[in-house]
2 protein chains.
Amino acid sequence: MEIKSTIAALAALAQETRLAIFRYLVVAGPVGAPAGKIGALFKMPLSTLSFHLKELKIARLLESRRDGRSLIYAANFATINQLLGYLTEHCCAGSACAPAVSQPSRKGAAR
Amino acid sequence: MEIKSTIAALAALAQETRLAIFRYLVVAGPVGAPAGKIGALFKMPLSTLSFHLKELKIARLLESRRDGRSLIYAANFATINQLLGYLTEHCCAGSACAPAVSQPSRKGAAR
DNA sequence: ATTATATTTCTATATTTCTCGAAATATGGA
DNA sequence: TCCATATTTCGAGAAATATAGAAATATAAT
């Protein structure tokens with residue numbers, strides 16, 4: 001992933017509403033969810049929701065397809081993967097990004 | 001990593017200058033580099049540089065220590081680790097974030 | 001003490017992002 | 001065709017961020 005798209009993805013996720021929407025759609029999986037359903041969940045004007053969906057889509061973190069009158073949004077896992085790849089490669093490696101320091105270990109440290 | 005600090009870290013990195021500075025300091029490692037040296041590399045007014053260093057520091061992505069009249073900045077690897085952890089846990093898992101798609105594999109894919 | 005170096009803070013301005021009502025577009029059904 | 005539903009685009013104001021010159025702070029050297 002190049003720097004421009006990295007910045008775009010970071011900026012898209014660096015907003016509470018959008019991060020929440022994205023997380024929701026990650027859980028929803030490839031099936032996704034229609035804009036209306038998302039709007040009902042995260043209560044806000046539909047124009048505001050639409051703005052955030054657009055931002056996420058521009059950053060290629062979401063994809064959308066039409067189903068009747070509904071637009072179904074779904075997470076684009078390739079992009080989040082690429083972002084993770086970039087961060088791991090450029091912002092960790094070299095100086096080793098292993099659990100160098102603390103890291104509370106809240107869960108079972110899966111994988 | 002909780003949501004607030006996640007947003008803070010994402011926002012801090014979602015800016016070309018700051019991402020470049022952070023990448024530079026990741027490579028520099030724990031030794032870090034003085035503000036002046038960074039300013040010489042990324043040509044910009046020192047007040048602008050200072051603003052960005054502060055943003056990165058507030059997001060806990062950088063740490064600083066004084067050495068004589070210089071302030072040495074260094075990457076905080078714990079924070080970038082935690083960010084990666086958050087993204088992996090909340091924005092990938094569930095629906096599997098394995099190399100689902102492309103992923104050019106430029107390097108030797110260490111670790 | 002005085003002066004020089006290193007860097008930050010202050011202040012103002014420019015730019016971008018966010019929010020949301022109103023109007024527009026797209027699709028499906030009667 | 002006309003109406004209802006689903007959602008986006010437009011337009012404008014509010015809030016947050018970015019840029020940078022000038023002044024302030026901190027340390028070191030003379």
Side-chain angles (χ1 to χ4, degrees), chain A residues 3-25 28 31-76, chain B residues 3-25 28 31-76:
Chain A
I3 202 154
K4 284 280 186 183
S5 28
T6 300
I7 299 264
L10 288 168
L13 293 176
Q15 209 277 351
E16 207 161 348
T17 302
R18 287 196 296 261
L19 183 56
I21 292 173
F22 186 71
R23 283 186 55 176
Y24 170 70
L25 288 174
V31 176
K37 189 175 177 185
I38 302 172
L41 246 117
F42 305 95
K43 283 164 188 170
M44 74 187 77
L46 284 174
S47 57
T48 300
L49 173 72
S50 200
F51 167 79
H52 289 305
L53 290 173
K54 186 178 67 182
E55 291 293 298
L56 286 164
K57 204 179 165 185
I58 288 172
R60 295 176 168 279
L61 282 162
L62 294 188
E63 291 171 336
S64 67
R65 61 181 193 277
R66 183 173 279 280
D67 175 21
R69 321 175 228 211
S70 293
L71 278 173
I72 313 290
Y73 284 88
N76 182 339
Chain B
I3 203 154
K4 285 281 185 182
S5 27
T6 300
I7 300 264
L10 288 168
L13 293 176
Q15 209 278 351
E16 207 161 348
T17 302
R18 287 197 297 262
L19 183 56
I21 292 173
F22 185 71
R23 283 186 56 177
Y24 170 71
L25 288 174
V31 177
K37 190 174 178 186
I38 303 172
L41 246 117
F42 306 94
K43 283 166 185 168
M44 74 187 78
L46 285 174
S47 57
T48 300
L49 173 72
S50 200
F51 167 80
H52 289 306
L53 289 173
K54 188 176 68 180
E55 291 293 299
L56 286 165
K57 203 178 166 188
I58 288 172
R60 294 177 170 280
L61 283 162
L62 295 187
E63 289 171 337
S64 67
R65 60 180 193 277
R66 183 172 279 281
D67 175 22
R69 324 174 226 210
S70 294
L71 278 173
I72 313 290
Y73 284 87
N76 181 340

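Nothing here was measured: the structure is a model prediction, and the numbers come from that model. Chain letters run A, B, ... following the sequence lines, proteins first, then strands; residues in each count from 1.
- Rounded to whole angstrom, the span from the CD atom of A:E55 across to the P atom of C:dC18 amounts to 6 Å.
- Within residues 33-45 of chain A, the residues approached by DNA chain D to less than 4.0 Å at the level of any non-hydrogen atom are A:P34, A:A35, A:G36, in residue-number order.
- Atom C1' of nucleotide C:dT19 and atom CZ of A:R18 are separated by 12 Å, given to the nearest angstrom.
- Two residues, A:S47 and A:R66, neighbour DNA chain C, and the one matched to the more 5' nucleotide by heavy-atom proximity is A:S47.
- Residue B:F51 contributes atom CZ, which lies 17 Å from atom P of C:dT13 at whole-angstrom precision.
- Using a 4.0 Å heavy-atom cutoff across all strands shown, B:S70 reaches sugar-phosphate atoms only and no base atom.
- Side-chain N/O atoms of A:T48 include none lying less than 4.0 angstrom from OP1 or OP2 on C:dT19.
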Exercise for the section: Starting at the 5' end of DNA chain D, write a dot or bracket for each base, bracketing those in Watson-Crick or G-U wobble pairs whose two distances are under 3.5 Å and using | for partners on another strand. Expected result: ||||||||||||||||||||||||||||||

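- The distance between atom CG of A:L49 and atom P of C:dT19, rounded to the nearest whole Å, is 11 Å.
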Handout entry: Criterion side-chain contact (heavy atoms from CB on, under 4.5 Å) on A:S5 and A:R60, from CA distance to verdict
Key = CA-CA 9 Å; A:S5 28; A:R60 295 176 168 279; over 6 Å; no

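- In this structure, A:L53 atom CG and C:dC18 atom P are separated by 13 Å, rounded to whole Å.
- First and last contacting nucleotides of DNA chain D toward chain A (any atom under 4.0 angstrom from a heavy atom, 5' to 3' order): D:dA4 to D:dT9.
- Looking at heavy-atom distances under 4.0 Å, A:L71 makes contact with sugar-phosphate atoms alone, never a base.
- Of the inter-residue distances, the one linking B:L61 atom CG with B:I21 atom CD1 reads 12.0 Å to the nearest 0.5 angstrom.
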